[in-house]
Enquirer: 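I am attaching a structure below and will ask some questions about it afterwards.
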Amino acid sequence: MGQTQPTQNSEEIDVKAIQDMYRKFVMECPSGRLFLHEFKRFFGVDPTGEASEYAENMFRAFDKNGDNTIDFLEFVAALNLVFRGDLECKLRWSFKVYDKDNNGFVDRKELRSIIDSIYRLKKGQKTGGLDGQLTVDEVVDRIFQAVDRDGDGTISMDEFIRGAKQDPWLLNLLKLDMNPSLWMMEQRRKSAQF
């Protein structure tokens, strides 16, 4: 009595998959540093395939100190965020994926690049486009209309988070980026098949 059961995330954490990733990290990166080409190989990403650019953006977002490697602490922090972070944390991480030049703002070119990557990734997974009938440019325009409150042609992190929380379409659009764990697990399953 008086004790409460811990609530489970709506997405169950696959502990075995995390343990497998740890073992593989240690085996493939005895130096304790994961480079981009190793990151792609680690998740079974074809360097020229649909997921390549998306993987590069994930890598950059995971690389907290900007040294072009992911050390084990960055790797663990990223996995913790991916599997356990709340909505705002995931949106902040997602923003970093979009902000390719790390200047604190997302411009049209950056947004278009990521949206195009997501389109190609979804096409490669045979799940269709992001929103059925919209082109990449139409998606970018719609996001800017929904999010760029001050009309300066860039999206700040605050605008990004506020817009995603207020617009269900935008929030749904970002699910692929907000929850890379599904992408990571899919890449691991694909690489395990070979």
Side-chain angles (χ1 to χ4, degrees), residues 34-70 74 78 81-82 85 88-165 167 169-184 186-187 190:
L34 186 63
F35 292 89
L36 177 59
H37 70 282
E38 293 167 327
F39 181 81
K40 287 181 179 181
R41 187 178 66 228
F42 186 85
F43 289 109
V45 175
D46 175 1
T48 60
E50 294 87 6
S52 182
E53 188 174 346
Y54 187 72
E56 290 170 19
N57 291 314
M58 284 181 57
F59 178 86
R60 188 180 32 74
F62 286 178
D63 180 16
K64 294 284 190 196
N65 64 1
D67 67 353
N68 294 320
T69 65
I70 297 173
E74 289 169 324
L81 170 69
V82 165
E88 185 155 336
C89 287
K90 289 179 180 182
L91 284 171
R92 287 181 183 283
W93 181 85
S94 183
F95 180 84
K96 290 177 184 177
V97 172
Y98 283 85
D99 182 16
K100 292 174 90 170
D101 63 7
N102 266 340
N103 69 352
F105 297 94
V106 176
D107 62 28
R108 282 186 180 273
K109 184 179 177 185
E110 290 171 319
L111 184 61
R112 190 187 192 296
S113 173
I114 300 298
I115 297 297
D116 184 57
S117 251
I118 294 169
Y119 258 55
R120 285 186 283 119
L121 182 60
K122 283 194 164 216
K123 184 178 180 183
Q125 294 173 344
K126 310 260 188 287
T127 59
L130 289 172
D131 201 7
Q133 308 302 319
L134 296 178
T135 67
V136 171
D137 289 323
E138 290 169 335
V139 170
V140 169
D141 289 342
R142 185 165 174 191
I143 290 171
F144 264 88
Q145 289 171 349
V147 175
D148 186 16
R149 296 287 182 212
D150 60 11
D152 67 354
T154 62
I155 300 170
S156 69
M157 185 178 291
D158 288 340
E159 287 174 323
F160 184 86
I161 291 170
R162 191 175 323 113
K165 286 181 173 180
D167 186 333
W169 174 84
L170 183 56
L171 187 58
N172 187 48
L173 173 71
L174 296 175
K175 277 187 181 170
L176 182 63
D177 295 299
M178 287 169 25
N179 187 5
S181 60
L182 295 177
W183 179 83
M184 293 170 109
E186 180 62 26
Q187 296 305 315
K190 283 181 183 177

Enquirer: Mind checking whether F62 and V97 have side chains closer than 4.5 Å, heavy atoms only?
Expert: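 Side chain of F62 against side chain of V97, heavy atoms only: no contact under 4.5 Å found.
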Enquirer: Is there a side-chain contact between F160 and L91 (heavy atoms, below 4.5 Å)?
Expert: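 Answer yes - side chains close enough.
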Enquirer: Looking at CZ of F59 and CD of E74, how far apart are the two atoms once the value is rounded to the nearest 0.5 Å?
Expert: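 So the gap between those two atoms works out to 8.0 Å.
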Enquirer: Quick one about D67 and T69 (side-chain donor to acceptor, distance below 3.5 Å, no hydrogens or angles considered), yes or no?
Expert: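 Present: a donor and an acceptor within the cut-off.
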Enquirer: Is the closest side-chain heavy-atom distance between E110 and I114 below 4.5 Å?
Expert: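 E110 vs I114: side chains apart.
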Enquirer: Is the side chain of R60 donor-acceptor paired with the backbone N or O of K96 at a distance under 3.5 Å, no angle test?
Expert: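 The answer is yes, because a donor-acceptor pair under 3.5 Å joins these two groups.
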Enquirer: Are T154 and V106 packed together at the side-chain level, in the sense that at least one heavy-atom pair is separated by less than 4.5 angstrom?
Expert: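 A side-chain contact under 4.5 Å is absent here.
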Enquirer: Say whether S156 and D158, considering side chains only, have a donor N or O and an acceptor N or O under 3.5 Å apart.
Expert: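 Short answer, no.
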Enquirer: Partners of F144 by side chain to side chain contact (heavy atoms under 4.5 Å, CB included), sequence neighbours excluded?
Expert: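 Counting only residues at least two positions away or on another chain, F144 forms a side chain to side chain contact (heavy atoms under 4.5 Å, CB included) with R108, L111, V140, D148, I155.
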Enquirer: Taking 4.0 angstrom as the limit, do E88 and R92 come out as a salt bridge?
Expert: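 Yes, this pair counts.
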Enquirer: Run R142 and W169 through side chain to side chain contact (heavy atoms under 4.5 Å, CB included) and show every step you take.
Expert: CA-CA 10 Å; R142 185 165 174 191; W169 174 84; 3.4 Å; yes
Enquirer: Under the side chain to side chain donor-acceptor pair (under 3.5 Å) rule, collect the residues that match up with K100, sequence neighbours excluded.
Expert: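 Scan of K100 (side chain to side chain donor-acceptor pair (under 3.5 Å), adjacent residues dropped) gives E53, S113.
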Enquirer: Mind checking whether L36 and N68 have side chains closer than 4.5 Å, heavy atoms only?
Expert: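 Side chain of L36 against side chain of N68, heavy atoms only: no contact under 4.5 Å found.
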Enquirer: With a 4.5 Å limit on heavy-atom distance, are the side chains of I70 and F39 in contact?
Expert: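 They are in side-chain contact.
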